[in-house]
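For clarity, every value in this text was computed on a predicted model and none was experimentally measured. All chains are named by letter (A, B, ...) in the order of the sequence lines, taking the proteins before the strands, and each is independently numbered beginning at 1.
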Amino acid sequence: MSSNLLDKAYEPHNVERHWYAYWEDQDLFAAIEDNKLKSYSIVIPPPNVTGVLHMGHALNNTLQDVLCRYRRLRGDNVLWMPGTDHAGIATQNVVEKQLALEGADRHQLGREKFIEAVWAWKEKFGSAIINQLKRLGASCDWKRERFTMDAGLSRAVRKVFVTLYEQGLIYRGDYIINWCHRCHTALADLEVEHEDIDGHLYYIRYPFENGNGAAVVATTRPETMLGDTAVAVHPDDSRYHHTESERVILPLMNRPLPIIKDKYVDVAFGTGALKVTPAHDPNDFEIGDRHALPSIKVIGDDGRMTAEAGKFEGLDRFECRKAVIEALDQEGLLEKIEPYRHSVGHCYRCKTVIEPNLSRQWFVRTKPLAEKAITAVDNGNTRIIPETWKNTYYEWMNNIKDWCISRQIWWGHQIPAWTCEACGQLIVAMEAPKECPACRQSKLVQESDVLDTWFSSALWPFSTMGWPEKTPLLKIFYPTSVLVTGFDILFFWVARMMMMGIHFMGEVPFKDVYVHALVRDEDGKKMSKSSGNVIDPLTIIEKYGTDSFRFTLAAFAAQGRDIKMSEKRVEGYRHFVNKIWNAARFALMHLEKDRNRVNLGQLGLADRWILSRLHSVSSAVAEALDTYRFNDAAAVLYNFIWHEFCDWYLEAIKPVLYQKKGPEKESTLAVLWWVLRDTLVLLHPFMPFVTEEIWQQLPGTSGSIMKAAFPSDNKDSPSKVPDPEAASKMGLITAIITGVRNVRGEMHIAPSQMLKVIIQTEDSSIQETIEAHREMIINLSRLRSLAVEAPGAKPAAAATSIVDGAMIFVSLEGIIDFEKEGQRLEKEINKLMNELDPVRKKLNNANFINKAPGPVVEKVKDKQRRLEERRRKLQSNLDRIKQLT
RNA sequence: GGGCGGGUAGCUCAGUUGGGAGAGCGCCGGCCUUACAAGCCGGAGGUCACAGGUUCAAGCCCUGUUCCGCCUACCA
């Protein structure tokens, strides 16, 4: 016991520490390698090893933990595979910064020493995020924790690389790629973030070689003109027909450029003439390819102009832009400058402006892989939930481009390719070759580039399970049951796992993909360090406890909608946790021993009703979790626990509990035990800590709640069937109590004043029900007396309330304010008329009667009958009141 | 340029084959009733963005308009 039952408020801190340690000690998160059990598996989206837990992780892992804990309660053998990602660029940046503080840099250190330094950093700080996930309650199988740079996973990476290369699906070549000068590496197209920037469109005159005027070209990046190797016009553009075989002179460089014709050129844009810079623009590169133009690289990998830039050599690319404009202006070749808003690519890691650069890189040929990945979703082998993301997935897969996978950094999987220094032979192999297969020389140099981090995470669902070995783990747990992830990495990660999983395993990596939303701040803005609106999950956990936080996330995780997070919301659910704590405290005061034998025949109405409700609540929770409707499950539990279990059931059974002893008390205690027991289990996936704490204090339980049976799977549970009779009778009783309370509230009668109530009804079954449960009505509406009689003389000094089939008179002798009662009744009648109006209109419509389905018509007719009766009764009481005033 | 999501109570949002507009918070009134004042009881509050259409019936389906957000794209 780590929290005192006498505490009026739940204190999460010790409870959380205590039970998490207990679960780990007992090995309760461990998956069992036994293929006879029903298996359920999830691989964690591996957080960056440099990462700290943010709201996105918190949501993502809470949802996964809810699913895993739920499936365990349902009896599944669950594998939740944890691990971290080596995050090449990000981690290298972190360690480089650390080196900088020590006055060193990686080049001084050398590659080997630098890699050692990164590993050292990883050993020291790399488990931070894992520990934070534990604070969140994550029930991962920690003993299987993986890291993308582990020996096993690295072998999988090599195997995949070599295989794809041999299959012709990986190639090396000189192409335009996105170059980040800060990170000093190539980036995949996906890793470039586009942003609209207010820039300028510069119109530059390129004089015709023959001296007759000039062609005017427009550009947003004038510095690239230094590398121009042609001017292109559309073949049909009559303005340039006379330029047949003419050339222009490239200003500043005095280089003659051919005028070529290419359909790519948009006649309508600018002057219809396009400068072509094959080394620094992807489209120009393609044009250059078509027309066999030379490529001149004028911007170097360091962001400075190369020797090819002539007198501009050594200038920074942006300084060069200014210098070029000035020089052009001086020569009178700058036609004009217009303001121009256009999209500019930035590095997703460091936000530096990306430069398209000609470079030798490695690529994955994605088309053949994507086709199968599309089919798998098409035919439902993998379901994407919510379905709306299917379109996005298809859209990207259908337009997929080859994937640049080489990175010019040091931290990562070095590409297993070697070049023979003697003959230039390229060798791709699992292990470093001893000699060149072509010339038998042994001077072989390994490719210095490493692979894109996403290349290794694309293998995550099977590399973590031991592939390329044929392990039992793979056999039992692949394909995984579901992948839970945010939409922001749908392409980066999900799509690539699909491609790799299908290609290498012959089977999709996951049956379901559940795509959740983003966590934003309370104004709906994206949380970011620069906006200063980041809420730290650990701060929230410290302040409000993990269970409140998790429940908040689940309660707001509606499909397709972002979550706006604020402390106020978490605070609200902390109240809920506290409510549960106190309800349990109350129950435990009365439960002294195991009460799990219930004789259903002897149950009271409230007992039967709460068991019936519990039955539908457990079905609803199961249904909701089976369909990833986390917010529905949370709402059902919240409403049941607070408003049905606490507000009605516990209040209703208090008199029974305060009795000395007897069969009634015995069976109520048994029901109370079961309802508490089952509710804790239903709640456990969302609130693992408080439920375990209460479970451990509940007499008659053994072991961890993690091993308990879900109510609907539990043979012994008394909440196995709905009880419509109890539901309907309880409905009548609560309606009567609410009716009396309403009178009390509206007439401002103090709760301390006991009331006298007369109920008139001609329905003998209603009479019987009321008589049978008169104590409940008396207690919960605080009555001095309750009389049930056939309709007859109406008590004079009384306020009225109507329930279906009966009229309630609250005697207010001496205190009734007839005018106030009249107003109250008028208000009631008005409310009723607003309901009745559309119902009458419907029934007066012959088309409705004829065309609507029978049951619908009957339902409306029945409603009309009920409303009419209530209205009639209220009206007669109003008339009577009016006579008395 | 293309695509997606959203507009429902003061705020934040649920609302799954079309058939009774809901919750939480906030607000108003009354209560320290022996689990809980982090509580209990009662109450007020909505032209479901706008305009058409389909239907006996529309918050939900169709068309258009408008506002907000996001993703995506090689117009220099």
Rounding to an integer number of Å, can you tell me how far A/Leu518 CG sits from B/rG6 P? 16 Å
Mind calculating the distance between NE2 (A/His575) and P (B/rC36) to the nearest angstrom? 16 Å
Among B/rA14, B/rG24, B/rA76, the nucleotide that comes nearest once only the side chain of A/Asn631 is considered: B/rA14
Contact class for A/Val265 vs. all strands (heavy atom < 4.0 Å): base, sugar-phosphate, or nothing? base
Residue A/Arg629, side-chain heavy atoms: nucleotide from B/rG43, B/rU72, B/rG15 that is nearest: B/rG15
Which nucleotide sits closest to the side chain of A/Asn847: B/rA35, B/rC71, B/rC56? B/rC56
Identify whether any heavy atom of A/Asn845 sits under 4.0 Å from a base atom; if not, whether one sits that close to sugar-phosphate; answer base, sugar-phosphate or nothing. sugar-phosphate
Could you work out which one of B/rC74, B/rC36, B/rG24 sits closest to the side chain of A/Tyr264? B/rC74
Is it the case that the ring center of A/Tyr514 lies less than 6.0 angstrom away from the ring center of A/Phe630? yes
Tell me the interatomic distance from A/Arg741, atom CZ, to B/rC41, atom P, rounded to whole angstroms. 6 Å
Roughly how many Å apart are B/rG64 and B/rC28, using the P atom of each and rounding to a whole number? 46 Å
Distance check needed: B/rU33 C1' versus A/Leu650 CG, whole Å only. 15 Å
Have a look at A/Glu571 and say if it touches a base, only the backbone sugar-phosphate, or nothing, with a 4.0 Å heavy-atom cut-off. nothing
Take atom CG of A/Asn582 and atom P of B/rC40, then tell me their distance rounded to the nearest Å. 10 Å
Out of B/rA76, B/rG42, B/rC56, which has the shortest distance to the side chain of A/Asn742? B/rG42
Under 4.0 Å, counting only non-hydrogen atoms across every strand here, what does A/Tyr203 touch: a base, just sugar-phosphate, or nothing? nothing
Watson-Crick and G-U pairing of RNA chain B written in dot-bracket, each distance under 3.5 angstrom, with | for inter-strand partners: (((((((..((((.....[..)))).(((((.......))))).....(((((..]....))))))))))))....
Going by atom types only, do A/Thr277 and A/Lys275 share a side-chain donor-acceptor pair under 3.5 Å? yes
Given atom CG of A/Asp284 and atom C1' of B/rC74, what is their separation to the nearest angstrom? 9 Å
Side-chain donor-acceptor pair present, A/Tyr175, A/Asp402, cut-off under 3.5 Å: no
Nearest 0.5 angstrom please: A/Ile737 CD1 to A/Ser801 OG, how far? 12.0 Å
Per A/Lys827 side chain, nearest of listed nucleotides B/rA35, B/rA76, B/rG43: B/rG43
Does the base of B/rC36 carry an N or O that pairs as donor and acceptor with the side chain of A/Lys579 under 3.5 Å? yes
Of all the nucleotides listed (B/rA35, B/rC4, B/rA76), which has the minimum atom distance to the side chain of A/Thr388? B/rC4
Output the single nucleotide from B/rA73, B/rA35, B/rA76 whose closest atom is nearest the side chain of A/Thr219. B/rA76
I'd like to know whether A/Tyr348 forms a side-chain hydrogen bond (donor to acceptor under 3.5 Å, both in side chains) with A/Glu191, so could you lay out the CA-CA distance, the side-chain angles of the two residues, the decisive distance to 0.1 Å, and finally the verdict. CA-CA 6 Å; A/Tyr348 82 134; A/Glu191 290 168 318; 3.0 Å; yes
Please work out if A/Arg574 contacts a base, only the sugar-phosphate, or nothing of the nucleic acid, heavy-atom cut-off 4.0 Å. base
Mind calculating the distance between NZ (A/Lys820) and C1' (B/rG43) to the nearest angstrom? 13 Å
Distance-only donor-acceptor check, side chains A/His342 and A/Asp196, under 3.5 Å: no
Does CZ in A/Arg741 sit with more than 12 non-hydrogen atoms of other residues, nucleotides or ligands closer than 6.0 Å? yes
Can you check side-chain hydrogen bond (donor to acceptor under 3.5 Å, both in side chains) on A/His643 and A/Asp647, steps first, answer last? CA-CA 5 Å; A/His643 298 301; A/Asp647 288 350; 3.0 Å; yes
Of the options B/rG20, B/rC4, B/rC36, whose atoms approach the side-chain atoms of A/Glu651 most closely? B/rC36
Qualifying residue, where the test is side chain to side chain contact (heavy atoms under 4.5 Å, CB included) with A/Ile808 and the options are A/Val803, A/Thr800, A/Ile802, A/Ile777: A/Val803
From the set B/rC56, B/rG24, B/rG43, return the single nucleotide nearest to any side-chain atom of A/Ala852. B/rC56
Between P of B/rG15 and CG of A/Asp632, the distance in whole Å: 7 Å
Which is more 5' along RNA chain B, the nucleotide nearest A/Lys275 or the one nearest A/Asp647? Just name the residue. A/Asp647
Assign each of A/Lys851 and A/Ile737 the nucleotide of RNA chain B bearing its closest heavy atom; nearer the 5' end lies the nucleotide of A/Ile737
Would you indicate, yes or no, if B/rA76 has its OP1 or OP2 atom less than 4.0 angstrom from a side-chain nitrogen or oxygen of A/His280? no
Could you check whether the side chain of A/Gln559 and the base of B/rA14 have a donor-acceptor pair of N or O atoms closer than 3.5 Å, going by distance alone? no
